[in-house]
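Each remark here refers to the structure printed beneath this line.
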Amino acid sequence: MFDIRAIREDAAAFDAGIARRKLDPIAEQLIEIDKRRRDAQTVAQELQTRRNELSKIIGMKKGKGEDADAEMKEVSDSKDAQAAAEETAKAAGDELEAILCTIPNIPAEDVPEGEDEDDNIELRTWGEPKDLGFEAKEHFDLGEALGQMDFETAAKMSGARFVILSGALARMERALSGFMLDLHTTENGFTEVNPPALVRDHALYGTGQLPKFEADLFKMEEGLYLIPTAEVPLTNILAGELVDEDTLPRRYTAMTWCFRSEAGSAGKDTRGMIRQHQFTKVEMVAVTKPEDSDAEHERMIGCAEEVLKRLELPYRVVSLCLGDLGFSAKKTYDIEVWLAGQGRFREISSVSNCGDFQARRMKARYRPSEGKGTNHVHTLNGSGLAVGRTLVAIMENYQQEDGSIVVPEVLRPYMGGLEKIEA
RNA sequence: GGAGAGGUGGCCGAGUGGUUGAAGGCACCAGUCUUGAAAACUGGCAAGCGCGCGAGCGUUUCGAGGGUUCGAAUCCCUCUCUCUCCUCCA
């Protein structure tokens with residue numbers, strides 16, 4: 001969401017900003033609607049001022065037992081005009097918001113040009129894909145051979161894009177969640193949160209999933225939505241709040257299930273665990289002062305990378321190009337992990353700085369220690385990491401020729417000392 | 001699912017039609033006092049929007065939206081959210 005006053009002050013900059021999102025100029029139209037709103041509001045306010053004066057006079061006169069018919073007539077005569085002005089102002093305001101809330105965030109200056117993920121810029125790589133010395137298998141072949149990953153039985157009860165993990169693989173998913181949460185809470189300064197997985201529409205509006213992306217969500221008959229990411233409940237902790245500056249930054253982490261209908265992704269990654277309707281993710285959310293969000297962004301991507309370093313999984317970090325940038329983000333780094341079975345890097349984390357875009361939508365503000373007034377906070381979110389995909393990465397990179405999976409060192413304490421997963 | 005009670009400022013909490021933007025308290029800021037701090041005392045302290053170059057002026061806001069009235073936090077209606085009890089349930 002954007003500040004209409006900022007658009008008024010520099011319409012060209014706004015249009016140039018959304019042009020990078022391939023959107024046509026719209027500032028002029030917005031300013032025209034806003035002008036209508038303000039003009040009507042001014043008229044309504046002037047009429048109200050007069051009405052307030054008259055009311056006081058009427059009150060005084062009646063108190064003294066005097067006649068106030070003239071004043072009362074003037075008030076009733078102005079009513080229609082005032083109501084009309086108020087109606088015009090409200091309609092224009094609604095119209096303005098309806099447009100503004102569908103415009104994506106303006107990209108940061110250093111977001112690279114580009115159409116799609118092929119144009120993302122690689123910033124760095126870490127680790128070297130191991131030469132296994134045999135032909136690597138994909139995770140679903142490994143998992144099914146182990147008898148611990150069952151798509152067919154899951155489909156029987158839930159349909160496509162679900163999986164049943166069992167035995168050591170199920171335990172490894174749990175181990176990964178625990179490992180990640182422990183890292184973020186004990187070393188990275190995040191507070192662990194166990195939030196609701198069902199949220200109201202306004203929470204999704206606040207983070208930007210609604211109103212444009214309802215098709216990607218699962219909606220309950222009762223009106224609640226299943227969260228597509230813990231970003232929604234974690235960021236909404238500050239919704240509607242006005243907090244003191246010295247309580248920032250806030251850093252939250254949570255392990256939750258995420259639910260996505262992925263309506264637009266039919267045909268992609270139909271096999272395996274890469275793209276599921278339900279998956280586990282450890283999420284990080286930070287809320288900062290505006291001047292701190294860029295540094296927080298770098299910090300957060302580092303927190304996510306640390307997970308992969310400790311798991312000794314090769315990865316690379318890319319900066320998303322304009323065409324690949326999400327709705328609410330002004331800048332996003334993705335981490336792509338090496339998948340030996342696929343022989344390529346695949347997204348395992350996405351870390352975004354949303355600036356004040358979400359904060360405006362959810363009215364999350366802070367009161368500066370010095371100076372007057374209030375400011376909107378900045379919000380950031382990032383996966384740390386997608387647990388299911390991390391499991392996939394471990395299986396493919398740690399696989400042995402006999403189909404067994406070596407358990408990464410750091411996970412062994414979480415798995416009762418288990419060193420290798422075998423059929 | 002059934003019954004009831006409520007939504008007031010950053011927080012708590014008074015307030016049933018006429019200087020109530022709203023008592024009081026907490027928090028916060030400034031000052032007095034103090035070697036310093038605490039305590040005590042004094043004063044200050046809402047947000048949004050509009051108009052104005054500006055000091056500033058105006059307007060709105062007591063969950064949301066309608067209504068009654070010259071005038072509504074206060075009365076009426078609808079909606080929404082929260083809480084309590086019963087029922088049910090992990």
Side-chain angles (χ1 to χ4, degrees), chain A residues 1-9 30-98 100-101 194-206 210 220-226 233 236-248 250 256-257 287 289 356 359-377:
Chain A
M1 184 71 84
F2 299 98
D3 180 4
I4 185 63
R5 282 177 300 184
I7 297 173
R8 232 189 283 152
E9 280 167 23
L30 294 173
I31 290 169
E32 185 275 319
I33 298 169
D34 183 51
K35 179 86 163 69
R36 242 193 294 146
R37 185 189 117 254
R38 286 185 295 146
D39 288 348
Q41 183 179 332
T42 300
V43 170
Q45 284 187 3
E46 283 167 355
L47 290 167
Q48 182 70 49
T49 303
R50 178 61 183 155
R51 193 168 157 189
N52 289 344
E53 290 169 2
L54 289 167
S55 287
K56 276 185 186 166
I57 294 170
I58 292 167
M60 280 169 53
K61 284 197 171 181
K62 288 209 163 182
K64 295 181 194 167
E66 293 174 12
D67 174 71
D69 288 353
E71 287 82 359
M72 289 172 72
K73 181 171 188 311
E74 186 179 341
V75 168
S76 63
D77 286 349
S78 72
K79 266 192 170 176
D80 286 350
Q82 187 180 338
E86 284 171 356
E87 174 59 30
T88 301
K90 182 173 189 310
D94 290 348
E95 187 183 349
L96 192 61
E97 168 146 355
L100 280 176
C101 75
N194 198 333
L198 286 165
V199 296
R200 296 207 174 102
D201 54 3
H202 77 255
L204 289 152
Y205 179 90
L210 292 180
M220 302 294 105
E221 249 180 64
E222 293 80 358
L224 293 168
Y225 295 83
L226 282 164
N236 271 282
I237 288 172
L238 271 290
E241 298 289 321
L242 173 54
V243 303
D244 288 332
E245 173 177 337
D246 59 15
T247 69
L248 301 175
R250 307 279 184 99
T256 69
W257 273 322
V287 180
K289 291 181 278 180
D356 64 5
R360 285 186 187 283
R361 294 171 82 96
M362 65 176 67
K363 296 181 172 58
R365 298 168 300 163
Y366 72 96
R367 196 190 296 279
S369 307
E370 297 183 1
K372 286 185 173 179
T374 62
N375 282 329
H376 287 95
V377 298

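Here is how names work: the chains are called A, B, and so on, in the same order as the sequence lines, proteins then strands, and each is numbered from 1. Bear in mind that the values here come from a model prediction, so they are computed numbers and not experimental data.
- If Asp244(A) and Asp3(A) are placed on RNA chain B by their nearest nucleotide, the residue sitting closer to the 5' end is Asp244(A).
- Between the side chain of Asp3(A) and the main chain of Arg5(A), a donor-acceptor pair closer than 3.5 Å is present.
- Distance check on atom C1': G13(B) versus G52(B) gives 38 Å, rounded to whole Å.
- In this structure, Glu87(A) atom CD and G66(B) atom C1' are separated by 12 Å, rounded to whole Å.
- The shortest distance between the side-chain N/O atoms of Arg367(A) and the OP1/OP2 oxygens of A27(B) is not below 4.0 Å.
- Of the side-chain N and O atoms in Arg365(A), none sit less than 4.0 angstrom from OP1 or OP2 of G10(B).
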Where do Glu97(A) and Met1(A) land on the side chain to side chain contact (heavy atoms under 4.5 Å, CB included) test, with the steps shown first? CA-CA 9 Å; Glu97(A) 168 146 355; Met1(A) 184 71 84; 4.0 Å; yes
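- Between Arg36(A) and Glu32(A), at least one side-chain nitrogen of the basic residue sits less than 4.0 Å from a carboxylate oxygen of the acidic one, meeting the salt-bridge criterion.
- Taking atom CD of Gln48(A) as the reference point, atom C1' of C51(B) lies 16 Å away to the nearest angstrom.
- Nucleotides A55(B) and G15(B), compared at atom C1', are 35 Å apart to the nearest Å.
- Shortest non-hydrogen contact noted between Glu245(A) and Pro368(A) is OE1-CA, 3.2 Å.
- The two atoms that bring Leu242(A) and Tyr366(A) nearest to each other are CD1-C, 3.8 Å, heavy atoms only.
- Glu97(A) places its CD atom 13 Å from the P atom of C49(B), with the value rounded to the nearest Å.
- Judged by the 6.0 Å distance and 45° axis criteria, Arg361(A) is positioned over the aromatic ring of Tyr205(A).
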So what's the dot-bracket for RNA chain B: Watson-Crick or G-U pairs under 3.5 Å, [ ] if a pair crosses, | if it pairs off-strand? ((((((((.[[[..)..(.....]]].(((((.......))))).((((((....)))))).[[[[[..)....]]]]])))))))....
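- Between the P atom of U61(B) and the NZ atom of Lys90(A) lies a distance of 14 Å, rounded to the nearest Å.
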Filtered N/O pairs between nucleotides 56-58 of chain B and protein, under 3.5 Å:
unit_1: G58(B); atom_1: O3'; unit_2: Thr49(A); atom_2: OG1; d: 3.3
unit_1: G58(B); atom_1: O2'; unit_2: Thr49(A); atom_2: OG1; d: 3.0
unit_1: G58(B); atom_1: N2; unit_2: Gln45(A); atom_2: OE1; d: 3.0
unit_1: G58(B); atom_1: N2; unit_2: Gln45(A); atom_2: NE2; d: 3.1

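- Taken from NE2 in His202(A) to CG in Asn236(A), the straight-line distance is 6.0 Å, to the nearest 0.5 Å.
- The CD atom of Glu95(A) sits 11.0 Å away from the CG atom of Asp34(A) when rounded to the nearest 0.5 Å.
- Comparing G7(B) with C12(B), their P atoms are spaced 12 Å from each other, to the whole Å.
- As rounded to the nearest Å, C75(B) and C62(B) have P atoms that lie 14 Å from one another.
- C88(B) sits 49 Å from G18(B) when the P atoms are compared, rounded to a whole Å.
- Residue Arg8(A) is in sugar-phosphate contact alone, with no base atom involved, counting any heavy-atom pair closer than 4.0 Å across all strands shown.
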For nucleotides 78-83 of chain B, which of its nitrogen or oxygen atoms have a protein nitrogen or oxygen under 3.5 Å away, and what is each distance?
unit_1: C81(B); atom_1: O3'; unit_2: Arg200(A); atom_2: NH1; d: 3.4
unit_1: C81(B); atom_1: O3'; unit_2: Arg200(A); atom_2: NH2; d: 2.8
unit_1: U82(B); atom_1: OP1; unit_2: Arg200(A); atom_2: NH2; d: 2.8
unit_1: U82(B); atom_1: OP2; unit_2: Arg200(A); atom_2: NH2; d: 3.3

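- One finds the CG atom of Leu100(A) at 8.5 Å from the CD1 atom of Ile33(A) (value rounded to the nearest 0.5 Å).
- One interatomic measurement links the two molecules: NZ of Lys363(A) to C1' of U61(B), which rounds to 13 Å at whole-angstrom precision.
- For the P atoms, the distance linking G25(B) with C45(B) amounts to 15 Å, nearest Å.
- Residues Leu210(A) and Tyr225(A) form a side-chain contact, since some pair of their non-hydrogen atoms from C-beta on lies under 4.5 Å apart.
- What separates CD of Glu241(A) from C1' of G9(B) is a distance of 14 Å, to the nearest Å.
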Kindly determine whether Leu224(A) and Val199(A) satisfy side chain to side chain contact (heavy atoms under 4.5 Å, CB included), including the steps that lead there. CA-CA 5 Å; Leu224(A) 293 168; Val199(A) 296; 5.8 Å; no
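- The backbone N or O of His376(A) lies less than 3.5 Å from no partner atom in the side chain of Asp356(A), so there is not a single donor-acceptor pair.
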For Val377(A) and Arg250(A): C-alpha separation, side-chain torsions, deciding distance, then whether side chain to side chain contact (heavy atoms under 4.5 Å, CB included) applies. CA-CA 10 Å; Val377(A) 298; Arg250(A) 307 279 184 99; over 6 Å; no
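- Between the CD atom of Glu86(A) and the C1' atom of G50(B) there is a distance of 13 Å, given to the nearest Å.
- To the nearest angstrom, P of A90(B) lies 20 Å from CG of Asn194(A).
- Contact check, Thr374(A) against G48(B): a side-chain N or O comes under 4.0 Å of OP1 or OP2.
- A gap of 13 Å separates the P atoms of G21(B) and G58(B), to the nearest Å.
- Taking atom P on both nucleotides, U74(B) is separated from U16(B) by 12 Å, rounded to a whole Å.
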